[in-house]
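To find a chain, count down the sequence lines: A is the first, B the second, and so on, and within it residues start at 1.
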Number of protein chains: 2
Amino acid sequence: MNEDTDLFKAIGDATRRTILDELTSKDGQTLFEICGRLTMKHGLASSRQAISQHLTVLEQAGLVHTRRQGRYKFHHLDTGPLRSIVERWPIDREEPNP
Amino acid sequence: MNEDTDLFKAIGDATRRTILDELTSKDGQTLFEICGRLTMKHGLASSRQAISQHLTVLEQAGLVHTRRQGRYKFHHLDTGPLRSIVERWPIDREEPNP
DNA sequence: TTGACATGCAAGTGGCGACTTGCATATAAC
DNA sequence: GTTATATGCAAGTCGCCACTTGCATGTCAA
């Protein structure tokens, strides 16, 4: 599976996009913290295992990097791969002023 | 199904991304023209019906607009919806010079 | 009008992916 | 050492989606 496939597959799932939103608002969360905040803030009721698998997919796509510390594993957002989308097709960056 | 779901689902398929590539290099193609060029240039061997269904998905996502003229139907690219991706997460637009 | 061309529609099939379930491992608190 | 905490792994289920198949509709040329 090539890089593009990994990337687009990763952002193709609504729960994974919400996880990216969560890491945008607070970077470096643990799995349990993400689970809790997804339930609280976003009303999602996904199990820990489901979220864990989502994080694995995001990591394979290079959108999330992890850092181990004792029994904790912190997840960090990296939007770098998303730039390839912007560069692939001609996107107008700014709306012209009316 | 909300807008985001349509958009990310649309670009989640490799064949549909190749169609967007094709329309980027030559806009306003008919279904048959797209089929031919996908086979020639990209080595894809998808049937006409499959491509037609892909174009429907792209149109639902707002990435492709169509224009009917007699028995022909021309397909036009619109990258506008892709901007929502750029705006959703903080993407560094430019690499800093080394 | 007859035939060729361009597209549309709808049911059926197969595989991939999201999610669950159950257990395992590792670290830290007591 | 014992228990609780945080995460990992793997098999199984189920629904969705890409693709096919077959036929229908509409347009233009002769």
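- For D13(A) and G70(A), each mapped to the nucleotide of DNA chain C holding its nearest heavy atom, the one lying further toward the 5' end belongs to D13(A).
- With rounding to whole Å, E59(A) atom CD is found 11 Å from dC9(D) atom P.
- The side chain of R68(B) places no N or O atom within less than 4.0 Å of a non-bridging phosphate oxygen (OP1 or OP2) of dT7(C).
- Close to dC19(C), at under 4.0 Å from its OP1 or OP2, lies no side-chain N or O of S47(A).
- One hydrophobic cluster, built from ILVMFWY side chains closer than 4.5 Å, cannot hold both V57(A) and L77(A); they sit in different ones.
- Counting to the nearest Å, the P atom of dC16(D) and the NZ atom of K9(A) are 19 Å from each other.
- I19(A) and F32(A) fall into different hydrophobic clusters, defined by Ile, Leu, Val, Met, Phe, Trp and Tyr side-chain heavy atoms under 4.5 Å apart, directly or through other members.
- In this entry the distance linking CD of Q49(A) with P of dT7(D) reads 12 Å, nearest Å.
- As rounded to whole Å, 12 Å separates atom C1' of dG8(D) from atom CZ of F32(A).
- When the C1' atom of dT7(C) is taken as reference, atom CD of E33(B) falls 15 Å away, rounded to whole Å.
- Rounded to a whole Å, the CD1 atom of I19(A) is 11 Å from the P atom of dA18(C).
- A heavy-atom distance below 4.5 Å is not found between the side chains of L38(A) and S46(A).
- With rounding to whole Å, R71(A) atom CZ is found 6 Å from dA6(D) atom P.
- Screening R48(B), K26(B), K73(B) for a salt bridge (Lys or Arg N to Asp or Glu O under 4.0 Å) involving E33(B) leaves a single residue, K26(B).
- Atom CG of D6(A) and atom P of dC16(C) are 15 Å apart (whole Å).
- Looking at R48(B), its side chain comes within 3.5 Å of the base of dG8(C) through a donor and an acceptor atom.
- In terms of position along DNA chain C, the nucleotide closest to H75(B) lies nearer the 5' end than the nucleotide closest to the other residue of the pair H75(B) and Q53(B).
- Tested against E22(B) for a salt bridge (Lys or Arg N to Asp or Glu O under 4.0 Å), the candidates K41(B), R17(B), R16(B) yield a single pass: K41(B).
- Side-chain nitrogen and oxygen atoms of H54(B) include at least one within less than 4.0 Å of the OP1 or OP2 phosphate oxygen of dC19(D).
- Distances shown here put a side-chain N or O of K73(B) below 4.0 Å from the OP1 or OP2 atom of dG8(C).
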